[in-house]
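Structure, as structure tokens:
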Amino acid sequence: MMDFKSVQEKWQKAWSDAKLFEVEPNDRKGMMVFAAFPYVNSPPHMGHLRTFCTPDVYARYLRMRGMNVLFPLGFHATGTPVIGYAKRIANNDPDLIESLHTFHVSDEDIKKMTDPHYIAEYFIRQQELELRKVGNGIDWRRKFISIEPLYSKMVEWQFMKLKEKGYLVKGTHPVGWCPNENNAVGQHDTMHDVWPDIEEITAIKFKDRDSDAYFICATYRPETIYGVTNLFVNDGIEYVVAEMGGAQYYVSKDAAFRLSYLADAKVTGKITAAELLKKTAINPLTKEELPILPGYFVKADKGTGVVMSVPSHAPFDYVALERLKASGYNIPKMEYKKLIELKFPDAKKGMGSMLKPDEFSGQTGEIVHREVPALAYLEFLKMNPNSDDKSVEVATKLIYREEARYGVMLVGAYQGKSEAEARDGLKADMVKSGDAMLMYELANTEPVICRCGTKAIVAIVKDQWFINYGDKQWKKQVYSMLSKMKLYPEKYRHTFEMLIDWIDLRAMERAQGLGTRFPFNPEHIIESLSDSTIYMLFYTFDHILRANNVQPEQLKPCFFDYVVDSKGDVASVSKETGIEERVITKCRESLDYWYQSTSSHSAPDLIPNHYVMYMFNHVAVLPERFWPKQLVINGFVSMEGEKMSKSLGNILPAGDAVDKYGADQIRFIEVAGAELDSDGEFSTNALSGVNSRIDYLLSQVIDANRAEGGNELRSVDFWMYSRLNSKIKRATAAMDGLMFKGAYDEVFYSSVAELKRYREIGGKNGLVVTDYLSAVVRMLSPVMPHLSEEFWHLLGNSTLVATEQWPVADEGMVNPGLEECFDIVDSTAEDMNRTLELTGKMEVNKGRKVKSIKVILAEQWKADAFNMLVEGKEIGDIIASMQGKADKERVAKYLQGFRNRKEATQRVLASQQSLFNVFSESRDYLKRRFGCELEIENEQDSQSARSGRAQPSRPSIEVAWS
RNA sequence: GCAGGGGUGGCGGAGCCAGGUCAAACGCGCAAGGCUUAGGACCUUGUUCCUUAGGGAUGCGAGAGUUCGAAUCUCUCCCCCUGCACCA
């Protein structure tokens, strides 16, 4: 067992001393490989590691293929998380402090973490340290953080470019809001980290017949406006008169408060439910007069506190009216108009087919009143007007779902159209005509509570800047760029196409958080995903700026225009910025060298947000040669079958894992343990498998170093070379396609297996083993860089394997026929096993031992004839061409066995002669394995009655018992 | 709801795009044997069912189709996972 720790440290120092990863442009082809920069509120853990190790493995591979590869890393600290984090520290949040302890943060450091900048600083240090520990070859000179002034200058320039192009627009949009703190609330601002789920509702205005005021009702189903019979108010709740946009509205007091954040509602007076009940409202579309009735189910804190009643399609409305009737309330005569008909596409479906078993488990009933759908659904679910609210809710959801899916309008402007179409159409029409307005509510089933303890609501933020990702022309360009990009795995291409289509306005300024001030509203900062869409290009020259002490204020737009966009001339840029021409030119050359070929790496969670914005922004602000060329998306990693999460307490910081399991072992399992697109799993089980093979390779390396190379090469040696070269070929192809698991199944697992087999069947040539190992070790080095250096040196080399060339397959050494011979030896041995097992059970052989086994190899003409059959030749022609080589009748008889040709699909490559040689060399091995004598003979020389059975790829065997 | 991805043996996971070499790579687990003072490690063999000479049957979510031939192609159905925005 090796001391992994000292091996790791030794080689990390050697790489660092050789400045292997501090790369600059040279005459080789340049490429930049990078991972999405991490957020700075934790050390990297096993889950993150895959995203950092994958590009490192890839970069190391490409370097060995002769490229000049840069792997940089920066850090992301923009936005509110570290601020929230610092607040939680200040409040001594026990959960947070506990998790910091698991990351080995000292109490002293925790105290300092009330400063968000210290948090960032601390974790940047930590991340760098741990990523070095796993052996990642990162050029740390280029490290930067997204909140530093130099970087901000580039973001400012980027947003000026976006504005110039007309991609920034002003508008409004709804956000979750805390009325106490007067701030937007996102997930991390709420108790239990729930997402404020905002939904849009149509609020329809019904004029009061006898005044200028309006009733206003929030509804999910504006298309049912044609069936409104009355309005409901609840005499248990408080009502007010509120002014919005110059008009007066009757709403609940709670609704007025919420509407003040949505539409500047102002309370101008009070009014009681009793007063409202005396009024009459007018349906804005049908102009019918509608009575106001008491509705027991109307809630103050939902909608407006006034509900439009559509008893024909809304079970609650139907139930409420029935109950009123039953109580003797004087209700005017009203018509329950059926508005929507269900049209099912096939006979198998019908009313109730969308009922979910977890909602309703009882018996369904007979439907009688189909002319009143709300009643029909109640009947179907065996409910009645006295059912409890929960049951009525089930009926409501079901009718809503089924009518939305299968409903067709029977009345109104959208008659004959689908319900969904009518809903959207009427909403738009009524908003346009002023008969309705849009309002927003939190759709979460549980109330969303801000961390301050206040119930969150929805507010509309006005005069907000957006990036208009909905721009058709822009989308078109991105789409065409995508079609030229390489995606690994390719299966995400369609997802990207959909996303490009889907993405629309994105709010990009925020009142809170760390980041770059927005040039067109310096009160605000740029939203944290929007400021990190072209950051990678900063890697190409930020170390040059720093080395030359360039100050933020010197990074004027003309600098970026020149360096990135080739606008202007270096002399005037230098004059304007005060930066030396030499420095500016160097920046520009560096960008030009590194940024034309890039590979971006991340986990799939960035696809719908960062990656889409990454593409759009590159297209918008950069010249085409700097557009993204390649995206690599790796799966997640779980621990011992469980997803890594704080709540499960199974987060293992990368540094701890390295100390415990070894850097190369972790790299191997993370990167080569699962194919790129599938999720991986870290388990001690997988680890021990890796370790035992490392041990074996080590023993072989040591052995090879001591072994004497014999001159004579036998079949088994040629077999080894053939395997090696075909392996190199396959592994190289797999690496080129970023199929790391496939590549390392070849390089690691199958190499170990082949070495074992080589030894087992009598291979003993030290030179062959050394050649083999030297290629395997080189191929292993991207994923196991430390151990490979160690092996490389044990094999007698003095260079760093990291700087060596990836082996090139010698096609001439690949001998499929020979490999087939060895496979035939194997399958023949299996046949022998089976045969011995079956014949051993025979009465005659009871109590006897196997004396010898005879292997009879098929005559060469059989293989020749078989191959002709595979090629599709006619049997007659084959027989004719065999004239003189074999007996005509035997050929005919042999070929008759393949009459339907089903079995003749694959050529036989092994010749009788080579097969004979291989069997002869394998004789000792087979004898040892079966513990008996073994004879090998050719069919033409054999006296055995079983010789005729011999097939080209299946020798006949004969067992003799003593 | 909309969109995307996926269903292979006790498990993980190849193969399916370019149908035959597939009872199905590789790995894990499990069983028997070897080695060992014992355990671990390691090695061998086996791991759907049937079968007294290397054979046969069933089989890749369910069903149907195309084909001489389907895990692989077509259609229908069922089930699972992921994302849905102003959050990093």
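Since the model is a prediction, treat every value here as computed from it, not as a measurement.
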Does B/rG55 have OP1 or OP2 under 4.0 Å away from a side-chain N or O of A/Arg954? yes

Nearest-Å distance for atom pair CG/C1', residues A/Leu499 and B/rA3: 9 Å

Mutual orientation of the aromatic rings belonging to A/Phe668 and A/Phe748 [parallel < 30°, tilted 30-60°, perpendicular > 60°]: tilted

Touch check for A/Lys756, heavy atoms < 4.0 angstrom, all strands: base, sugar-phosphate only, or nothing? sugar-phosphate

For A/Ser699, the side chain to side chain contact (heavy atoms under 4.5 Å, CB included) test, sequence neighbours excluded, returns A/Tyr696

Using a 4.0 Å heavy-atom cut-off, does A/Pro955 contact any base of the nucleic acid, only the sugar-phosphate backbone, or nothing at all? base

Show me the protein contacts with nucleotides 4-7 of chain B, counting only N or O atoms at under 3.5 Å.
| unit_1 | atom_1 | unit_2 | atom_2 | d |
| --- | --- | --- | --- | --- |
| B/rG4 | O2' | A/Thr495 | OG1 | 3.0 |

Does a distance-only test, which skips hydrogens and angles, find a donor-acceptor pair under 3.5 Å between the side chain of A/Asn609 and the base of B/rA88? yes

Sugar-phosphate only, base, or nothing, as touched by A/Arg928 at under 4.0 Å among non-hydrogen atoms: nothing

To the nearest Å, give me how far apart CD (A/Glu675) and C1' (B/rA14) are. 9 Å

Looking at A/Tyr39 and A/Val82, would you say the former's side chain and the latter's main chain have a donor-acceptor pair under 3.5 Å? yes

Atom-pair distance (CG on A/Leu606; P on B/rC87), nearest Å: 17 Å

Taking B/rG1 as the reference, what is the distance to B/rC77 when you measure between their P atoms (whole Å, please)? 14 Å

Is there a side-chain polar atom (N or O) of A/Ser532 under 4.0 Å from OP1 or OP2 of B/rA88? no

Describe the nucleic acid contact of A/Leu505 in one word from base, sugar-phosphate, nothing, applying a heavy-atom distance below 4.0 Å. base

Tell me whether A/Lys427 contacts the main-chain N or O of A/Glu223 through its side chain, where contact means a donor paired with an acceptor under 3.5 Å. no

Classify the angle between the aromatic ring planes of A/His610 and A/Tyr535 as parallel (below 30°), tilted (30 to 60°) or perpendicular (above 60°). tilted

Pairs meeting criterion salt bridge (charged side-chain N to carboxylate O under 4.0 Å, His left out) with involvement of residues 603-612 of chain A, two or more places apart: none

For A/Thr828, answer base if it contacts any base atom (sugar-phosphate contacts may also be present), sugar-phosphate if it contacts only those atoms, and nothing otherwise; contact means non-hydrogen atoms under 4.0 Å. nothing

Is there any protein nitrogen or oxygen under 3.5 Å from a nitrogen or oxygen in nucleotides 46-53 of chain B, and what are the pairs?
| unit_1 | atom_1 | unit_2 | atom_2 | d |
| --- | --- | --- | --- | --- |
| B/rA53 | O2' | A/Arg946 | NH2 | 3.3 |
| B/rA53 | N6 | A/Val959 | O | 3.3 |
| B/rA53 | N1 | A/Arg946 | NE | 3.4 |
| B/rA53 | N1 | A/Val959 | N | 3.3 |
| B/rA53 | N3 | A/Arg946 | NH2 | 3.4 |

Kindly write out the residues that satisfy side chain to side chain contact (heavy atoms under 4.5 Å, CB included) with A/Asn468, not counting sequence neighbours, or none if the list is empty. A/Val169, A/Asp471, A/Asp504, A/Leu505

Please work out the stems of RNA chain B from pairs that are Watson-Crick or G-U wobble with both distances under 3.5 Å, keeping only runs of three or more consecutive pairs. B:1-7 with B:78-84, B:10-12 with B:26-28, B:29-34 with B:42-47, B:48-50 with B:55-57, B:61-65 with B:73-77

Pick the closest RNA chain B nucleotide for A/Gly689 and for A/Ala77 by heavy atoms, then say which residue is nearer the 5' end. A/Gly689

Could you work out the separation of B/rG69 and B/rC78 based on their P atoms and round it to a whole Å? 30 Å

State which residues pass side chain to side chain contact (heavy atoms under 4.5 Å, CB included) with A/Ala734; sequence neighbours excluded, sorted by chain then number. A/Met739, A/Ala743

Applying side chain to side chain donor-acceptor pair (under 3.5 Å) to A/Thr396 and not counting sequence neighbours gives none

Can you tell me the distance, in whole Å, between the CZ atom of A/Arg723 and the C1' atom of B/rA25? 12 Å

What's the CD-C1' distance between A/Gln512 and B/rC87, to the nearest Å? 14 Å

Does the ring center of A/Phe75 lie less than 6.0 Å from the ring center of A/Phe37? no

In terms of side-chain geometry, is the basic nitrogen of A/Asp924 or A/Arg929 positioned less than 4.0 Å from the acidic oxygen of its partner? no

May I have the distance from A/Glu419 (atom CD) to B/rG1 (atom P), rounded to whole angstrom? 15 Å

Could you work out the separation of B/rU8 and B/rA14 based on their P atoms and round it to a whole Å? 11 Å

Could you list the residues that satisfy side chain to side chain contact (heavy atoms under 4.5 Å, CB included) with A/Ser751, not counting sequence neighbours? A/Lys727, A/Tyr772, A/Val776

A/Ile856 CD1 to B/rG54 C1', in whole Å, measures 13 Å

Going by an N to O cut-off under 4.0 Å, is there a salt bridge joining A/Arg730 and A/Glu746? yes

Under-3.5 Å N/O pairs linking protein and nucleotides 70-73 of chain B:
none

Could you state the CZ-P distance from A/Phe930 to B/rG33, rounded to the nearest angstrom? 20 Å

Report which part of the nucleic acid A/Ser956 touches: base, sugar-phosphate, or nothing (heavy-atom distance under 4.0 Å, all strands). base

Categorize A/His76 for me: base, sugar-phosphate, or nothing, with a 4.0 angstrom heavy-atom threshold over every strand shown. sugar-phosphate

Considering residues at least two apart in sequence or located in another chain, which fulfil the salt bridge (Lys or Arg N to Asp or Glu O under 4.0 Å) criterion with A/Arg949? none

Under 4.0 Å, heavy atoms only, any strand: does A/Asp504 hit a base, just the sugar-phosphate, or nothing? base

In whole Å, what separates the P atom of B/rG56 from that of B/rC2? 50 Å

Which residues satisfy the ring pair (Phe, Tyr, Trp, His ring centres under 6.0 Å) test with A/Tyr611, sequence neighbours excluded? A/Tyr614

Could you verify whether a donor N or O on one side chain and an acceptor N or O on the other, from A/His76 and A/Ser532, lie under 3.5 Å apart? yes

